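In this text the structure is predicted, and so the values were computed from the model without any measurement. We use all heavy atoms of the structure for the numbers below, so side chains are in, but hydrogens, waters and symmetry mates are not.
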Amino acid sequence: MRAVVVHAAGDVRVDEVPDPRPGPGEVLLAMEWGGICGSDISYFRHGATGTAVLRHPLVLGHEVAGRVAAVGPDVAGIAEGDAATVHPATLVGDVRLPERIAGRTNLHPHVRYFGSAAFDPHTDGGFSEYRVVRADQVRALPSGVSTEHGALAEPLGVALHAVHRAGDLRGRTVLVNGAGPIGSLVVAAAKHRGAAAVVAADVAAPALAVAAAMGADSTVDLTTSALPEDVEVVIEASGAAAAIGPVLRATARGGTLVQVGNLPGSAVSAVLGDLVTREITWVGSYRFVDEIDDALHAMRDGLDVSPVITHRFPLEQAEQALRTAADRTTGSSKVLLNLVAGGEAAPPAPGSAA
């Protein structure tokens with residue numbers, strides 16, 4: 001079968017790799033769609049993401065969906081042909097979390113994740129024609145949710161977890177700083193969870209257009225305007241160190257700031273005084289626990305993720321897809337790969353350069 005394999009910084013190939021077969025308790029998925037994430041881009045551009053450094057070739061991709069092609073022994077409740085996505089996390093080791101974080105499996109000290117070089121050997125992802133997964137990782141898609149949209153359940157789960165970390169949003173105003181794919185999905189998640197108004201801010205007009213299509217009540221172009229002030233809940237989704245001071249200033253006294261954008265792992269310069277004098281609650285948000293299930297339920301109930309999809313590419317054009325996703329001048333938001341075995345290129349999304 002074919003798979004999208006990164007060999008080193010700047011070196012990604014569509015390789016022929018052995019066909020997988022499911023063992024006991026496992027399921028073989030025929031992949032149909034994969035969404036490109038920031039970590040995929042980072043492995044391609046830098047050979048690393050955060051502290052995870054590429055040591056061997058790695059199959060990319062953790063935002064995937066497809067259909068069950070085969071079921072291994074000792075698997076119940078899953079049938080061939082079922083449409084599904086995948087919870088990409090596997091806990092490593094028999095570690096009992098402290099009572100204060102019981103159940104928060106995203107905070108487990110050792111987690112293998114699809115398409116990650118954090119461990120050696122690495123954990124291959126799902127940008128391949130087929131992928132074997134444990135049966136407990138399979139999440140059936142609800143009726144009416146396509147595999148294309150199912151591939152976005154993972155990033156929507158990230159967005160819903162960030163919104164969950166903010167507390168009850170019903171009737172409140174929310175500012176989302178950064179309108180990339182995660183930020184735009186946070187906009188939709190906040191509206192889904194009852195926010196009275198959502199403001200999206202970014203430096204790129206195309207990103208703001210996507211955020212508006214995902215439900216933002218208003219947008220702020222940061223090239224010409226400053227962030228609004230005294231916002232009850234701010235969700236920082238850009239991951240830009242330079243944004244820390246401004247988003248703290250934008251947060252109302254006694255308000256909440258959720259950091260979901262990945263910040264640099266090195267020292268940065270930031271103005272932090274408002275954190276103290278305004279008594280701001282600043283919390284982190286990392287991946288998700290089971291919010292991938294909430295994401296599927298939200299899509300079933302009408303949350304439309306289609307506006308965030310700006311480009312689609314066939315598997316053979318994986319490098320072009322990665323370059324498009326990495327280049328904000330292309331107007332890209334979520335870039336999808338069509339992973340269907342022997343399939344033809346999917347039609348481009350409106351406005352796509354694919």
Side-chain angles (χ1 to χ4, degrees), residues 1 3-4 17-37 39-40 52 58-95 97 103-119 121-142 145-161 286-300 337 339 341:
M1 68 169 185
V4 179
V17 300
D19 291 337
R21 298 182 184 279
E26 295 180 334
V27 171
L28 177 68
L29 293 180
M31 294 303 189
E32 295 189 1
W33 292 98
I36 292 175
C37 176
S39 63
D40 301 315
L58 170 72
V59 179
L60 294 173
H62 56 263
E63 302 175 6
V64 291
R67 296 182 185 275
V68 176
V71 176
D74 305 321
V75 174
I78 300 175
E80 291 186 21
D82 287 352
T85 185
V86 177
H87 193 308
T90 297
L91 307 186
V92 178
D94 186 18
V95 177
L97 294 174
R104 293 166 68 178
T105 52
N106 60 320
L107 299 183
H108 193 279
H110 305 292
V111 179
R112 280 190 173 272
Y113 216 74
F114 267 37
S116 171
F119 286 82
H122 301 335
T123 306
D124 282 335
F127 286 175
S128 51
E129 292 178 313
Y130 295 93
R131 179 65 156 85
V132 166
V133 301
R134 297 190 320 278
D136 64 281
Q137 291 180 280
V138 174
R139 299 293 189 272
L141 301 187
V145 177
S146 67
T147 55
E148 181 184 68
H149 287 183
L152 271 67
E154 195 274 353
L156 181 56
V158 172
L160 283 164
H161 183 70
Y286 182 58
R287 291 178 177 166
F288 53 86
V289 182
D290 291 317
E291 284 91 348
I292 191 169
D293 301 324
D294 298 336
L296 293 173
H297 297 155
M299 286 191 278
R300 176 200 63 195
L337 281 174
L339 304 171

His108 side, atom NE2; Leu91 side, atom CG - distance, nearest 0.5 Å: 5.0 Å
Strictly distance-based, threshold 3.5 Å: is any side-chain N or O of Asp124 a donor or acceptor partner for the main-chain N or O of Val59? yes
Between Ala52 and Ala117 the two heavy atoms that sit nearest each other are CB-C, 3.9 Å
Between Ser146 and His149 (side chain of the first, backbone of the second, donor and acceptor by atom type, cut-off under 3.5 Å), is there such a pair? yes
Taking all heavy atoms of His62 and all of Ser39, pick out the closest pair and write down the distance. CE1-OG, 3.1 Å
Taking the side chain as C-beta and beyond, is there a heavy-atom pair between Met1 and Ser128 under 4.5 Å? yes
Dump the intermediate steps for side chain to side chain contact (heavy atoms under 4.5 Å, CB included) on Val64 and Phe127, then the final yes or no. CA-CA 7 Å; Val64 291; Phe127 286 175; 4.1 Å; yes
Report yes or no: does Gln137 contribute a side-chain atom to a donor-acceptor pair with the main-chain N or O of His87 at less than 3.5 Å? yes
Keeping the roles fixed (side chain from Asp74, backbone from Gly25), state whether a donor-acceptor pair exists under 3.5 Å. no
Test side-chain contact (heavy atoms from CB on, under 4.5 Å), reference Phe114, set Leu60, Thr90, Val133, output is Val133
ring-ring contact (aromatic ring centres under 6.0 Å, His included) for Tyr286 and His161? Distances and angles first, verdict last. CA-CA 8 Å; Tyr286 182 58; His161 183 70; 8.8 Å; no
Identify the heavy atoms of Val71 and Glu80 that sit nearest to each other, and give their distance. CG2-N, 4.4 Å
Between Ala295 and Ala153, which heavy-atom pair has the shortest distance, and what is it? CB-O, 3.5 Å
Could you measure the distance from the OH atom of Tyr130 to the CG atom of Asp19? Nearest 0.5 Å is fine. 7.5 Å
Can you see which heavy atom on Gly103 is nearest to which on Leu97, and at what distance? N-CD1, 4.4 Å
Worked verdict on Asp290 versus Asp294 for side chain to side chain contact (heavy atoms under 4.5 Å, CB included): CA-CA 7 Å; Asp290 291 317; Asp294 298 336; over 6 Å; no
Side chain to side chain contact (heavy atoms under 4.5 Å, CB included) for Val86 and Arg131? Distances and angles first, verdict last. CA-CA 10 Å; Val86 177; Arg131 179 65 156 85; over 6 Å; no
Taking CZ in Arg21 as the centre, count heavy atoms belonging to other residues, nucleotides or ligands within less than 6.0 Å. Is the count above 12? no
Please round to the nearest 0.5 Å and tell me the distance separating atom CG of Leu156 and atom NE2 of His297. 12.0 Å
Between Glu154 and Thr85, does the side chain to side chain contact (heavy atoms under 4.5 Å, CB included) criterion hold? Intermediate values first, please. CA-CA 8 Å; Glu154 195 274 353; Thr85 185; 5.7 Å; no
To the closest 0.5 Å, what do you measure between CD1 (Ile78) and CD (Glu26)? 11.5 Å
Working to the nearest 0.5 angstrom, can you tell me the gap between Glu32 CD and Thr147 OG1? 4.0 Å
Using modelled atom types and a 3.5 Å cut-off, is there a donor and acceptor pairing between side-chain atoms of Asn106 and backbone atoms of Val289? no
Could you pull out the closest heavy-atom pair between Arg139 and Leu296, with the gap in Å? CB-CD1, 3.8 Å
